[in-house]
Structures are given as structure tokens and as C-alpha cells.
**Student:** 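Got a structure here, written out as C-alpha cells. Questions coming.
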Amino acid sequence: MTMQHEIVDVLIIGSGASGAAVAYSLAETKMRILCLEQGDWIKPGDFPANGRDWEARRHSDFDMSPNRRGRVTDYPVNDDASPMKVANFNAVGGGTVMYTAHWPRLHPSDFKVRTLDGVADDWPIDYWMLEPFFAENDRIMGISGAAGDPASPRHDPPMPPIPLGRTGARYAKTMNSLGWHWWPSDVAVATTEYEGRAKCINLGHCTPGCAQGAKASTDITYWPMAIRSGVELRPRCRVREVTVNQDGMASGAIYYDAEGKEHIQPAEMVIIACNGVGTPRLLLNSVSGRFPNGLANSSGLVGRNLMLHPWPQISGYVEDMVDGGRGPMTSLWSKQFYETDPSRGFLRGYMIQFSRSTGPVQEALTSAAVGALPWGKDHHRAYRARLDHRLQLGIACDDLPEAHNRVTLDPVLKDSDGIPGARIDYTIGENTRRMMEHGIARATEILEAAGARDIFCSRTLLNSPGHLLGTCRMGHDPDRSVVNAWGRSHDVRNLFIVDGSVWVTGGGVNPTSTIQAVALYIADQIKQRLATLFD
Ligand SMILES: Cc1cc2nc3c(=O)[nH]c(=O)nc-3n(C[C@H](O)[C@H](O)[C@H](O)COP(=O)(O)OP(=O)(O)OC[C@H]3O[C@@H](n4cnc5c(N)ncnc54)[C@H](O)[C@@H]3O)c2cc1C
Ligand code: SF4
């Protein structure tokens with residue numbers, strides 16, 4: 001029997017980076033706010049980092065691909081028609097539980113790509129409208145970094161940067177010798193004790209979850225505050241569809257609990273925060289007589305303009321031992337090639353992300369895959385020369401929006417509640433291809449200047465970097481966008497989208513800092529307009 005719940009004022013779907021920020025911000029209104037999240041709370045003791053098998057678990061229950069991970073809380077994504085595979089994490093905190101916590105912001109130019117470069121579209125908002133929300137978000141998440149980067153928008157991280165370490169110092173020296181920009185990265189990792197969180201102890205790779213609590217995932221930053229302020233968070237509740245009433249307004253959602261039991265949750269206002277794949281999936285599955293092509297989709301743009309950030313990775317090996325898998329993954333960035341320079345043969349640009357390398361299992365897998373580990377008596381010698389000797393650069397390529405890159409519902413795959421999985425159709429555009437080649441050539445120069453040998457490149461990450469953007473873009477024109485300049489659906493006046501779907505262009509940096517700044521901005525707009533929201 002279907003269970004009917006009492007109506008809430010605000011229903012948020014998804015508890016990741018953006019859903020958590022919006023819940024926290026709206027809590028001060030004292031409205032009745034409920035968040036439904038398909039995943040579980042993940043206990044720090046459950047993170048792979050607690051055990052010696054931590055690398056093996058990155059290929060099983062903490063794999064970054066939902067398809068390989070295959071938890072009951074995941075949904076399948078058919079990405080056969082894409083060279084890049086989808087990475088995500090479905091739990092309280094969403095992708096932030098698993099992310100690397102590299103924390104650059106979009107640049108002011110990223111919001112004006114049409115004006116500056118004559119391609120794609122301008123955002124209906126600009127960097128300066130978001131600036132206070134970037135700062136608030138940095139304070140709440142707890143960001144480490146160094147003020148004064150001449151190539152990034154001015155800001156002042158609340159904690160000092162993570163140590164460069166042996167790997168970082170080598171990169172810095174090399175970049176100085178080339179005369180190219182570098183700066184210690186902002187990272188969402190505490191370098192001092194911070195608001196009840198312990199500081200980073202540089203033990204190991206943070207991507208499958210930080211048991212120390214130093215890495216800022218929203219389950220330990222925003223959510224405790226939002227819950228203390230009265231927000232209810234219901235985990236293991238997977239939303240099948242957003243429902244509408246006879247006036248064409250969102251009326252709530254139908255969801256399944258952990259036992260597969262159906263629930264109806266009425267709401268005055270619905271806010272979707274399921275990410276650039278989960279949000280279009282949910283909207284396309286919310287079909288009714290009034291909205292036969294999916295909710296909020298009169299433009300036909302729900303699911304289109306998917307941006308995934310192609311991310312070539314270039315590695316090489318040096319004689320001296322470097323940091324390997326010890327310490328947070330990233331310690332510096334370069335914005336030398338970030339802004340457009342038409343002489344390079346492409347528009348927009350990329351950030352170079354300088355990484356430490358990896359643990360012993362991953363090193364063995366990667367080296368074997370490129371044929372660098374001979375069998376027989378040379379095996380151990382070859383492996384020893386590679387483990388903890390690797391430098392690794394990532395090229396974070398701007399990914400212009402193209403309508404044919406899209407998310408649809410898969411006709412075959414279904415999650416454990418029988419809801420259709422997502423399907424990705426994606427190709428890498430010509431501009432991005434040229435950008436990738438440029439970045440690979442520059443990264444190779446950097447590695448050579450650092451004294452590296454055996455340089456090799458994987459042109460895209462097998463899994464995308466987990467940046468899922470653009471599939472419900474914001475804009476002023478209802479024919480060319482899904483939501484308006486403050487996240488409200490053009491078609492359904494009490495329906496909002498706050499995650500990376502609303503991005504108009506992708507920029508060439510990791511997105512979460514900007515995703516959360518946009519979410520806080522939208523929440524602020526909602527608060528300012530509460531009295532007249534549905535007029
Ligand atoms: C391995 C990895 C490394 C990354 N590294 C970085 C990095 O270094 N820096 C950076 O900026 N970003 C990084 N990212 C990306 C970052 O995680 C995302 O940008 C960010 O989490 C997106 O926030 P979001 O709010 O849009 O969605 P998410 O954080 O993905 O949250 C969406 C939530 O919605 C829930 N949900 C979806 N559908 C439903 C439904 N039907 N019913 C109920 N709940 C639902 C999901 O379970 C999930 O918890 C990384 C991601 C991965 C996977
Ligand atoms: S290196 Fe630091 S941030 Fe990463 S898992 Fe260890 S304590 Fe956490």
C-alpha cells in the first residue's frame with residue numbers, strides 16, 4: 001500500500017554538493033524542509049582508507065563508476081555511446097564523499113563566452129553576483145589555499161595551503177624554469193583543526209573518502225548544520241517522479257524506500273539537486289498528460305548540452321622518489337593556458353592539475369597496461385623504479401555545450417526499484433580535441449623539463465572526472481533554456497534546479513566550488529522572493 005505523507009513547504013531531491021548547500025541556506029526561513037536522498041549515510045569506519053585493501057575497494061564497492069560499483073543505491077548509466085564514462089557517488093553528501101576536493105572556481109570570463117569568444121552562450125548571471133556565495137561556501141566547507149594567485153579571481157581561503165611535498169616542490173621548480181604560472185591549489189581539505197573537523201594527516205589518497213574527516217564532504221559540513229536547524233534528511237528514499245497538479249504546478253514526489261515501498265510526498269515547492277545526469281533522468285521520467293515529454297521540458301533541452309570535461313592525463317617517471325600515494329592528491333595548479341589565445345588554434349582553455357601519483361596496486365595496474373612491467377627477473381626492478389617515482393598531470397579541458405551531447409532514459413537498464421537508468425550520448429568536439437592536443441604537448445614539455453622518462457598519456461579518463469554539467473541550462477529565453485536566471489523552471493513556477501545541470505558553459509576547472517556558489521545564490525534568490533514566489 002502506498003504511504004501518504006504530510007505536506008512539506010520545500011522538498012529537496014538529492015543531498016550532494018548543491019542539495020546540502022540549499023538545505024542549509026533555506027533553513028533560516030523556518031519553513032518545513034525535507035530532503036530525499038537515494039543513498040545511505042556512509043560511516044567514516046566504512047571508508048576503504050581504514051584498511052590495507054583500500055586500493056582494491058576502489059575497484060569494487062568504492063569504484064567511481066556506478067556501473068562497476070553496482071550498489072543497490074546506484075542507478076545504471078549506459079555510456080556505451082560515449083568515450084568518457086560517468087563517475088559519481090550516490091550517498092548522503094553525493095559526489096563530495098568521493099571527490100578529490102580540488103577547489104578552483106570558474107573565472108569571470110567563463111560566464112561571458114558568447115560575448116568574448118563568439119561561441120556557446122553567456123550565462124544570465126556573472127562571477128561578481130556569485131562572489132559573496134563563493135566566500136560563504138569556502139568558509140562553510142573549510143578551504144585551504146594561498147591568497148594572491150595572479151591568475152585566479154581574488155579570494156582569501158580560510159586555512160593555509162596543503163604542503164607542496166616532494167612532488168609539488170619538483171613541479172614548482174620545473175614551472176619556474178619554464179616561466180609558466182603555477183600556484184598552490186585551493187583544496188577542500190582542512191590543514192588546521194577547523195570547526196570540529198580534524199586536520200589532514202597526509203596519510204593517503206582521499207578519493208574514496210577521508211576517514212579522518214579532514215576532507216570537506218557535505219555529510220560532515222552542511223548537513224549537520226542544516227539538520228540542527230530543523231531540516232529533515234531522509235536517506236534511502238529514491239524518487240521515481242516529480243508529480244504535478246491540475247494547475248501545472250509541482251505537487252511533490254513519488255519515491256521508494258529501502259524496502260521498495262512506494263510513498264507519496266506532497267510539497268509546496270520542489271528543488272532538484274540530483275546532478276547533471278540524475279536531474280534530467282528524473283525530469284524525463286516525470287511524464288504526465290500535461291508534460292508528455294518530461295517535466296520542465298517545453299524547450300526540449302532537458303538532458304541536452306551535457307558537458308563532461310575531457311581530461312587527458314600525462315604521466316612520467318623520475319629518478320628520485322616522490323610522494324606517491326601519500327597526502328591529498330593535488331597540490332598545485334597552473335592557469336597559464338586558461339584564457340583564450342586564438343593563436344593556439346582553439347577557443348577557451350584549460351587548467352593543468354598537478355597530482356601526486358598513486359598507491360602500489362594502481363601503479364601495478366597502470367604500468368602493466370602500458371607494457372612497462374616485464375615478467376621474469378626484471379619484474380621487481382622495473383616495478384620499484386616506477387612505484388613512488390611517478391609525476392602525473394591532468395588537463396582540465398573546457399567543454400563547449402553541444403546539443404547532441406545528451407542524457408536520455410535507457411530503454412533497457414533499470415535500477416533496483418525498476419526506474420529506467422540513464423543513457424549518455426557524447427562525443428568530444430573539435431575545439432576540445434585541439435585543446436587536448438595542446439595540453440598534452442605542454443604537459444609533456446613540463447614532464448621532460450622535470451627530468452621524467454617513459455612519458456605516456458591517456459587521452460581521456462576512462463571514467464570522466466565526475467563533472468556532470470549543462471543538461472538543464474539556465475537562461476532568460478524559455479526556448480533556449482530550462483530554468484531562469486535564478487534556477488526556476490520556465491514551465492513550472494514552483495520547481496527549481498540547483499545542481500551542475502544549470503551550467504551554460506563548462507569552464508576548464510573542477511566544478512564543485514562554483515556548483516555550490518550557484519546553489520547558495522539560487523537559495524538566496526528564493527529567500528528574497530518568498531512573498532511573491534508563485535505570483
Ligand atoms: C571520483 C570523483 C572525483 C571528483 N573530484 C572532484 C574534485 O577534485 N573537485 C571538484 O570540484 N569536483 C570533483 N568531483 C565532482 C563532484 O563530486 C561533483 O561536481 C559534485 O558532487 C556535484 O554536485 P551535485 O550537487 O551537482 O550532485 P551530487 O553531489 O552528485 O549529488 C546528487 C545526489 O542526488 C542523489 N540522487 C540522484 N537521483 C536521485 C533520486 N532519483 N532520488 C533521490 N536521490 C537522488 C544522489 O544519490 C546524490 O547523492 C569528483 C567526482 C568524482 C566522482
Ligand atoms: S590525505 Fe588528508 S584529506 Fe586525504 S584521506 Fe588522508 S587525512 Fe583525509
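Indexing begins at 1, ligand by ligand and atom by atom, following the structure's order. Heavy-atom basis, side chains included; hydrogens, waters and symmetry copies ignored.
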**Student:** If you count the atoms of ligand 1 from 1 in the order shown, which ones are under 4.0 Å from a heavy atom of Gly500?
**Tutor:** 26 (O)
**Student:** Suppose we measure from atom 52 (C) of ligand 1 to each protein heavy atom; which comes out shortest, and what is that distance?
**Tutor:** Pro465 O, 3.9 Å
**Student:** Just grab all the side-chain hydrogen bond (donor to acceptor under 3.5 Å, both in side chains) pairs involving residues 496-507, residues at least two apart or on different chains.
**Tutor:** Trp123-Thr505, Thr279-Asp499, Asp499-Ser501
**Student:** Which atoms of ligand 1 have any heavy atom of Ile515 under 4.0 Å away?
**Tutor:** 19 (O), 22 (C)
**Student:** Got the closest protein heavy atom to atom 29 (O) of ligand 1, with its distance?
**Tutor:** Gly95 N, 3.0 Å
**Student:** I'd like to check which ligand 1 atoms, numbered from 1 as shown, lie under 4.0 Å from a non-hydrogen atom of Asp499.
**Tutor:** 26 (O)
**Student:** Testing Thr432, Asp110, Asp399 one by one against Arg348 for a side-chain hydrogen bond (donor to acceptor under 3.5 Å, both in side chains), which residue passes?
**Tutor:** Asp110
**Student:** If we only consider heavy atoms of Cys237, is any one of them less than 4.0 Å away from an atom in ligand 1?
**Tutor:** yes
**Student:** Does any part of the side chain of Asn67, heavy atoms only, come nearer than 4.5 Å to the side chain of Asp79, both counted from C-beta?
**Tutor:** yes
**Student:** Using a 3.5 Å cut-off on N or O atoms only, is Arg281 in polar contact with ligand 1?
**Tutor:** no
**Student:** Nearest non-hydrogen contact with atom 11 (O) of ligand 1 belongs to which option: Thr512, Leu468, Asp415, Thr514?
**Tutor:** Thr512
**Student:** Does an N or O anywhere in Ala91 fall below 3.5 Å from an N or O of ligand 1?
**Tutor:** yes
**Student:** With atoms numbered from 1 as shown, which atoms in ligand 1 lie under 4.0 angstrom from a non-hydrogen atom of Ala101?
**Tutor:** 7 (C), 8 (O)
**Student:** Going by the atom numbers of ligand 1, which of them fall below 4.0 Å from some non-hydrogen atom of Thr96?
**Tutor:** 17 (O), 21 (O)
**Student:** Kindly tell me which protein residues have any non-hydrogen atom under 4.0 angstrom away from an atom of ligand 2, grouped by chain and ordered by number?
**Tutor:** Val189, Cys200, Ile201, Asn202, Leu203, Gly204, Cys206, Cys210, Gln212, Gly327, Pro328
